[in-house]
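If you're wondering where the values come from, they're calculated on a predicted model, not measured in any experiment. Position 1 is the first residue of the sequence; numbering continues from there.
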Amino acid sequence: MGQYTPKKSYKMKKIIFSFLIAWPLIFTGCGTSKKTIIPFSYSLSPDDAYTIIWNGSGKVYRYQNRQWVRDESYDYQFNVVQKRYANHWKSVKSLHRIHPDYDGKAGDRDQTMYFEVLYNTMEAGKVQSAIVSSLGNGTGTSDAEFCRSELTMYVPDAGKFMPYNKFRIVQNYDYEAGVLTETVELIKEKNGKEIPFMKNEETAQIFIKNKLDKAPTTFKQ
């Protein structure tokens, strides 16, 4: 009796089913890298850097039909602990998706990301930097006072079915107003062309080391 060979239609159904099962896992894996990032410095002293805490929220947009469309279900709150050393910064970002209808396709509702930016040289009036992060590695530029920065990172081992493989982050630090505005773009780069996928518009307030005259809150029954 000859060996049974499945029909092509059955094989195709099996492939489609396997892809539908794997797609949420692929998408979730883009949120943060599964590899642990080892910091370049290991000091525990809180006084060896200028520490800033950013606290804010992000509004999310999807690129559909050649225009940006709001997706409130992906909105989030976040805070960043940013430590500025002489020639590099270390930042830890904590993110919480606030909408009850969030579908989980961009990772867990609560996520933590790590970034280390190494500032190298000044070229054409811009500070050049190298980036190591849990989202991927890349490069960046900034003015000398770090008021406006542009960072580019690439998703490691991004497959062809991934909806994006590149991050572009534009930061505007308004120190006098105590506000940071940031745009995070998720982009599919293919054959030299960029296809927008999603973007996050973030706004955060600055908090720095300070002393309080008294306890800021009290229990009220």
Side-chain angles (χ1 to χ4, degrees), residues 30-58 76-98 107-108 110-156 166-186 200-217:
C30 300
T32 55
S33 173
K34 295 180 180 180
K35 297 180 180 179
T36 301
I37 303 298
I38 300 176
F40 287 99
S41 61
Y42 52 85
S43 173
L44 295 177
S45 173
D47 298 322
D48 61 358
Y50 190 88
T51 301
I52 299 177
I53 296 176
W54 301 95
N55 180 263
S57 59
Y76 54 90
Q77 295 174 334
F78 71 92
N79 61 71
V80 176
V81 178
Q82 185 180 82
K83 292 185 174 293
R84 300 185 176 188
Y85 299 84
N87 61 349
H88 71 281
W89 295 3
K90 296 192 297 182
S91 299
V92 177
K93 181 175 186 176
S94 300
L95 179 154
H96 173 70
R97 304 279 180 181
I98 59 177
D108 294 337
D110 295 288
Q111 299 181 24
T112 301
M113 288 153 273
Y114 180 81
F115 304 86
E116 188 142 1
V117 184
L118 309 174
Y119 295 103
N120 301 316
T121 59
M122 177 80 77
E123 296 179 12
K126 296 289 185 179
V127 181
Q128 308 297 311
S129 60
I131 304 163
V132 177
S133 82
S134 55
L135 295 180
N137 299 340
T139 59
T141 60
S142 174
D143 62 286
E145 294 184 336
F146 304 107
C147 293
R148 188 182 189 280
S149 299
E150 183 170 325
L151 315 175
T152 302
M153 294 166 289
Y154 288 90
V155 178
K166 177 180 179 179
F167 293 92
R168 179 185 294 121
I169 302 176
V170 177
Q171 302 172 317
N172 289 284
Y173 293 92
D174 188 345
Y175 297 106
E176 291 79 6
V179 175
L180 165 67
T181 55
E182 178 172 300
T183 300
V184 181
E185 294 181 88
L186 286 68
N200 309 330
E201 297 286 357
E202 298 183 347
T203 303
Q205 292 183 314
I206 182 175
F207 294 85
I208 60 175
K209 183 178 180 180
N210 201 357
K211 293 182 179 180
L212 303 178
D213 295 331
K214 60 179 181 179
T217 56

* **Atom pair SG/CD of C147 and E176 - distance to nearest 0.5 Å** => 7.0 Å
* Tell me, with the steps shown, if I53 and V81 meet side chain to side chain contact (heavy atoms under 4.5 Å, CB included). => CA-CA 5 Å; I53 296 176; V81 178; 4.3 Å; yes
* Is S129 reaching over with its side chain to a backbone N or O of V117, donor-acceptor style, under 3.5 angstrom? -> no
* Can you tell if the side chain of T112 reaches within under 4.5 Å of the side chain of Y114, non-hydrogen atoms only? -> no
* **salt bridge (charged side-chain N to carboxylate O under 4.0 Å, His left out) involving K93 - partner list, sequence neighbours excluded** => E202
* Could you list the residues that satisfy side-chain hydrogen bond (donor to acceptor under 3.5 Å, both in side chains) with R148, not counting sequence neighbours? => none
* Asked: Roughly how far apart are Y154 OH and T139 OG1, rounded to 0.5 Å?
  -> 7.5 Å
* Atom pair OG1 (T203) and CG (D174), whose distance is rounded to the nearest 0.5 Å -> 11.5 Å
* Among all residues two or more places apart in sequence or in another chain, which pass the side-chain hydrogen bond (donor to acceptor under 3.5 Å, both in side chains) test with T152? -> none
* To do: For the residue pair K90 and V92, establish whether any side-chain heavy-atom pair is separated by less than 4.5 Å.
  => no
* Structure fact -> In short, A204 meets F78 closest at the heavy-atom pair CB-CZ, 3.8 Å
* **Which atom of S149 lies closest to which atom of S142, heavy atoms considered** => OG-OG, 3.2 Å
* Asked: Can you tell me how far the CZ atom of F146 sits from the OH atom of Y119, to the nearest 0.5 Å?
  -> 5.0 Å
* Excluding sequence neighbours, so at least two apart, what forms side chain to side chain contact (heavy atoms under 4.5 Å, CB included) with Q128? -> T121, E123, K126, T141
* Do H96 and Y76 touch side chain to side chain, with heavy atoms closer than 4.5 Å? -> no
Can you give the donor-acceptor pairs under 3.5 Å from side chains of residues 177-185 to other protein atoms, not counting sequence neighbours?
unit_1 : atom_1 : unit_2 : atom_2 : d
E182   : OE1    : Q171   : NE2    : 2.8
T183   : OG1    : E201   : OE1    : 2.8

* Determine the minimum heavy-atom distance between K166 and V155, stating which atoms define it. => N-CG2, 4.2 Å
* To do: Could you grab the distance from atom CH2 of W89 to atom OG1 of T51, nearest 0.5 Å is fine?
  => 12.0 Å
* Asked: Do the non-hydrogen side-chain atoms of Q205 and N55 ever get within less than 4.5 Å of each other?
  -> no
* Asked: Do L151 and F115 come within less than 4.5 Å of each other through their side chains, counting heavy atoms only?
  -> no
* **Residue list, side chain to side chain contact (heavy atoms under 4.5 Å, CB included) with I208, at least two apart or on another chain** => Y50, I52, I206
* When rounded to the nearest 0.5 angstrom, what is the spacing between NE2 in H88 and CG in N120? -> 12.0 Å
* Hey, what's the ring geometry for Y175 with W54, parallel, tilted or perpendicular (30° and 60° as the breaks)? -> tilted
* Structure fact -> Nearest heavy-atom approach of S91 to V80 is CB-CG1, 3.9 Å
